[in-house]
2 protein chains.
Amino acid sequence: MAGAGRECSIANALAVIGERWSLLVLREVLLGERRFDQIARNTGASRDILAARLRALVDHGVLTREQYEQRPPRHEYVPTEAGRALAPVLLALMEWGDRYVTEGPGPTRWVHDCGAELHPELACAHCHTPVTADSIRLLRLGTVR
Amino acid sequence: MAGAGRECSIANALAVIGERWSLLVLREVLLGERRFDQIARNTGASRDILAARLRALVDHGVLTREQYEQRPPRHEYVPTEAGRALAPVLLALMEWGDRYVTEGPGPTRWVHDCGAELHPELACAHCHTPVTADSIRLLRLGTVR
DNA sequence: ATAGTCAGTTGGATATTCCAACTAACTGAG
DNA sequence: CTCAGTTAGTTGGAATATCCAACTGACTAT
């Protein structure tokens, strides 16, 4: 990465999962695909880059690498709590992609327990009211280093 | 980008805003910084890459480039509706970064109208209940090309 | 004149990515 | 035992992208 920029958890988050393939890897892992070849196929990442990304995601504590077979030694990639906590980011991204990028209906769709097709929105965890641009105000802004 | 992979709005979204600097540029623009030099300083992106990213974001309809001065001709970058709709993605990412990456308290913090410090969570836009991993089920899954 | 601001562009070194082919360790069929 | 297939990577080399400092061009302010 280049120069410093603003002190910011968005930048910090992107240092972990902001590389081209990381979020697609996470998507597959959270969908239940945990093996190298399947993740490679389903993301479209080349195998060397995928190996590097998986290593980085394990190093950063987003995934763990666990043996599921002794002979031959085989490992699968399992999301940690931090990894599972990225689901909202992926769903928010999917919702945005569905609305503003993908032509036609979304290729992947979910149903919520309430029976409606899922269209997630951001809410305040305290009062459970939707978060809109004019319902929040800045308390503190990270400084530019 | 490489091979095809799964048909997916996450991948489509990342094709638009998945490059290293795009989301940081969006962050600055949504915070109200709209001029080239300020965005460069506050993100830390090098100027050539920033110019390329801004062009791409304008091409993809996330920003518009608008003249705010005739002499000398000066332009500012203003978010479109699609750009403003990325705020939830950035807030979700910030929340995750605060929790799992940044050491200590988050460098940037918001207060919600309800008076509490903002900790956004994802909710169903229909029933306004929080979305958890086990409160949703797959309706349709994008196919791998 | 001279310095400073703003929004980029250019050139060259460096770093990353892509891709196909290869290794390594096995399994299961004949 | 031999041969094809599966799984999880690694390797080498070409193609791309990024970083950085310096430069341009159009102006303003002193």
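Protein chains get the first letters and strands the later ones, always in sequence-line order, with residue 1 at the start of each. Side chains included, hydrogens not; waters and symmetry mates left out as well; all remaining heavy atoms used.
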Study note, to complete from the structure: Per nearest nucleotide of DNA chain D, the residue lying toward the 5' end, A:Arg35 or A:Asp48, is A:Arg35
**Study point:** Enclosure of B:Arg145 CZ (heavy-atom neighbours >12, cutoff 6.0 Å)
**Key:** yes
Exercise for review: Kindly say if B:Tyr77 contacts the phosphate of C:dG8, meaning a side-chain N or O under 4.0 Å from OP1 or OP2.
Suggested key: yes
Check your understanding: How long is the span from the CE atom in B:Met94 to the CG atom in A:Leu14, to the nearest 0.5 Å?
Key -> 12.5 Å
**Study point:** Residue met sooner reading DNA chain D from 5', once A:Gln38 and B:Glu19 are mapped to nucleotides
**Key:** A:Gln38
**Study point:** Check: D:dT7 base within 3.5 Å donor-acceptor of A:Arg74 side chain
**Key:** yes
Exercise for review: Report yes if some heavy atom in the side chain of B:Leu141 is under 4.5 Å from a heavy atom in the side chain of B:Arg6; otherwise report no.
Suggested key: yes
Check your understanding: What is the distance from atom CG of A:Leu23 to atom CD1 of A:Ile17, rounded to the nearest 0.5 Å?
Key -> 4.5 Å
Review point. A:Trp21 side chain N/O closer than 4.0 Å to the phosphate oxygens (OP1, OP2) of C:dT16?
Key: no
Point to revise | Nearest-Å distance for atom pair CG/C1', residues B:Leu54 and C:dA7 | key: 10 Å
**Study point:** Euclidean distance, atom CD1 of residue A:Ile49 to atom P of C:dA20 [Å, nearest integer]
**Key:** 14 Å
Point to revise | Nearest-angstrom distance from the residue atom CD of A:Glu66 to C1' of D:dT7 | key: 18 Å
Point to revise | Nearest-Å distance for atom pair CG/P, residues A:Asp37 and C:dC26 | key: 17 Å
